[in-house]
Protein chains: 2
Amino acid sequence: MTMPKRDTYTPDSLLAVAVEVFNERGYDGTSMEHLSQAAGISKSSIYHHVRGKEELLHRAVGRALEGLFGILDESGATTGRAVDRLEYVTRRTADVLVEELPYVTLLLRVRGNTGTERWAMERRREFDQRVAALLKAAVAEGDLRADVEPRLATRLLFGMINSVVEWYRPDGRGTAQAEQLADAVVRLAFDGLRIQR
Amino acid sequence: MTMPKRDTYTPDSLLAVAVEVFNERGYDGTSMEHLSQAAGISKSSIYHHVRGKEELLHRAVGRALEGLFGILDESGATTGRAVDRLEYVTRRTADVLVEELPYVTLLLRVRGNTGTERWAMERRREFDQRVAALLKAAVAEGDLRADVEPRLATRLLFGMINSVVEWYRPDGRGTAQAEQLADAVVRLAFDGLRIQR
DNA sequence: GTCTATACCGTGATAGAC
DNA sequence: GTCTATCACGGTATAGAC
């Protein structure tokens, strides 16, 4: 149904270009001129596809948020012991980061200058809180250490996972690479760097 | 020697104001007009103290880098088993993040649009490589797990530590709070979330 | 669907009075 | 050391031809 090769832009194909530039230069550091050069069309042509720069941002972060919240509805996140659900969410978050890398990257860098940015930050907070609740439940069930406050632990956990967008680059090995990454994240987050004695 | 209360700005006191605004709005999202309002002086007055916006950025990230590289020269980072040196660097990095929070925050968000930003990114990479070497040595000495590649482990470790700038806010408990944070980071990074069996 | 031309405003920075 | 006034430029966005 969707045409595989097309010379003209759709809002989505234009979005893909724009998000790359946003990530390279920062949203505020990107002008419509930069976007037009990257897309190979004039500035004004961009306005034929989207209402403006902020709409591009909105579409991008919306897509990222969809991916993340989708995880919480999967059966692995809703059934079983809390610790297993948390591990599932951790692994799947790493997956989504890789699958939707440019979109999630943009989401994680949003600062709050515009309405769209504040909306994105708000929804991100919601997601974090849902996971924090999961982690707290796993502590209560006696599976996770209780000597680190759940909110703090959640933040450090996500700090580790989210940092992936700062350096991960696909190398062509596809799913294998992503799975290896998710494995490493889960190992370090749950069992730490040290060799278990 | 330094006057505790002064009505007029020095480059450093102006820097402190500017860095707050940069962190709130992003460097590119901050105009000289924003800075002048935050400082309570006119745009042109700012140019009496610094050459321009980029000099403020340079001073800020320079200060952050000084703090980080200073750690690597401390005796705790140069003597003893590699695993202990790594733990020392981890703990002290958390300290420096807290002590120099706004400056390090800015450093970690730099994107590479200007010469100053590219210089900062380069120096940051140097720091990361120094720590990666330490982690690799600890694996070789048999103290850290070998089933996660050292570069990957270093990145995830710093992802966790550096995320502190995204949410940490001093609460008046001073050193006690910072120490608690460093403890949590070291515990999670080295021994993980899971209760050790 | 893309272009050229243009409106209009905010930007970083400077000149020179006080 | 701070101000007002001003500059040249680049920003987002629109109008209208093709």
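Basis for what follows: all heavy atoms, side chains included, without hydrogens, waters or symmetry-related copies. Naming convention: chains lettered A, B, ... in sequence-line order (proteins, then strands); numbering from 1 in each chain.
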Query raised in the report: At under 4.0 Å between heavy atoms, what does B:Thr30 touch on the DNA or RNA strands: base, sugar-phosphate, or nothing?
Result: sugar-phosphate

Report task. Round to the nearest Å and state the distance from B:Tyr47 atom OH to C:dG16 atom C1'. Result -> 17 Å

Query raised in the report: Would you call the rings of B:Phe69 and B:Phe127 parallel, tilted or perpendicular if under 30° counts as parallel and over 60° as perpendicular?
Result: perpendicular

Requested in this report: Return no unless some side-chain N or O of A:Ser45 is found under 4.0 Å from OP1 or OP2 of C:dG1.
Outcome: no

Query raised in the report: Could you state the NZ-C1' distance from A:Lys43 to D:dA15, rounded to the nearest angstrom?
Result: 15 Å

Query raised in the report: Closest to the B:Lys53 side chain: C:dC3, C:dA13, D:dT2?
Result: C:dA13

**Report entry** CA sep, side-chain torsions, deciding dist, call: B:Thr93, B:Thr90, side-chain hydrogen bond (donor to acceptor under 3.5 Å, both in side chains)
**Finding:** CA-CA 5 Å; B:Thr93 299; B:Thr90 300; over 6 Å; no

Query raised in the report: Once you round it to whole Å, what is the distance between C1' of C:dG12 and CG of B:Leu57?
Result: 15 Å

Query raised in the report: Atom NE2 of B:His49 to atom C1' of D:dG1: distance rounded to whole Å?
Result: 6 Å

Query raised in the report: Can you find a heavy atom in the side chain of B:Met32 that is under 4.5 Å from one in the side chain of B:Ile46?
Result: yes

Query raised in the report: Looking at D:dC3, C:dC3, C:dG12, which one has an atom nearest to any side-chain atom of A:Ile41?
Result: C:dC3

Report task. For A:Asp28 and D:dG10, give me the distance from atom CG to atom C1', rounded to whole Å. Result -> 15 Å

Query raised in the report: Can you check the B:Met32 CE to D:dA8 P distance for me, whole Å?
Result: 20 Å

Query raised in the report: Just how far, in rounded Å, is C1' of D:dA13 from CD of A:Glu54?
Result: 14 Å

Query raised in the report: Got a donor-acceptor pair under 3.5 Å from the side chain of A:Ser44 to the base of C:dT2?
Result: no

Requested in this report: Answer yes or no: side-chain N or O of A:Ser42 and base N or O of C:dT4 forming a donor-acceptor pair under 3.5 Å.
Outcome: no

Query raised in the report: Looking at B:Arg92 and B:Asp95, does any basic side-chain N land under 4.0 Å from a carboxylate oxygen?
Result: yes

Query - A:Thr114 versus A:Glu117, side-chain donor and acceptor atoms under 3.5 Å - result: yes

**Report entry** Atom pair distance, as rounded to whole Å: NE2 in A:His48 and P in D:dT12
**Finding:** 20 Å

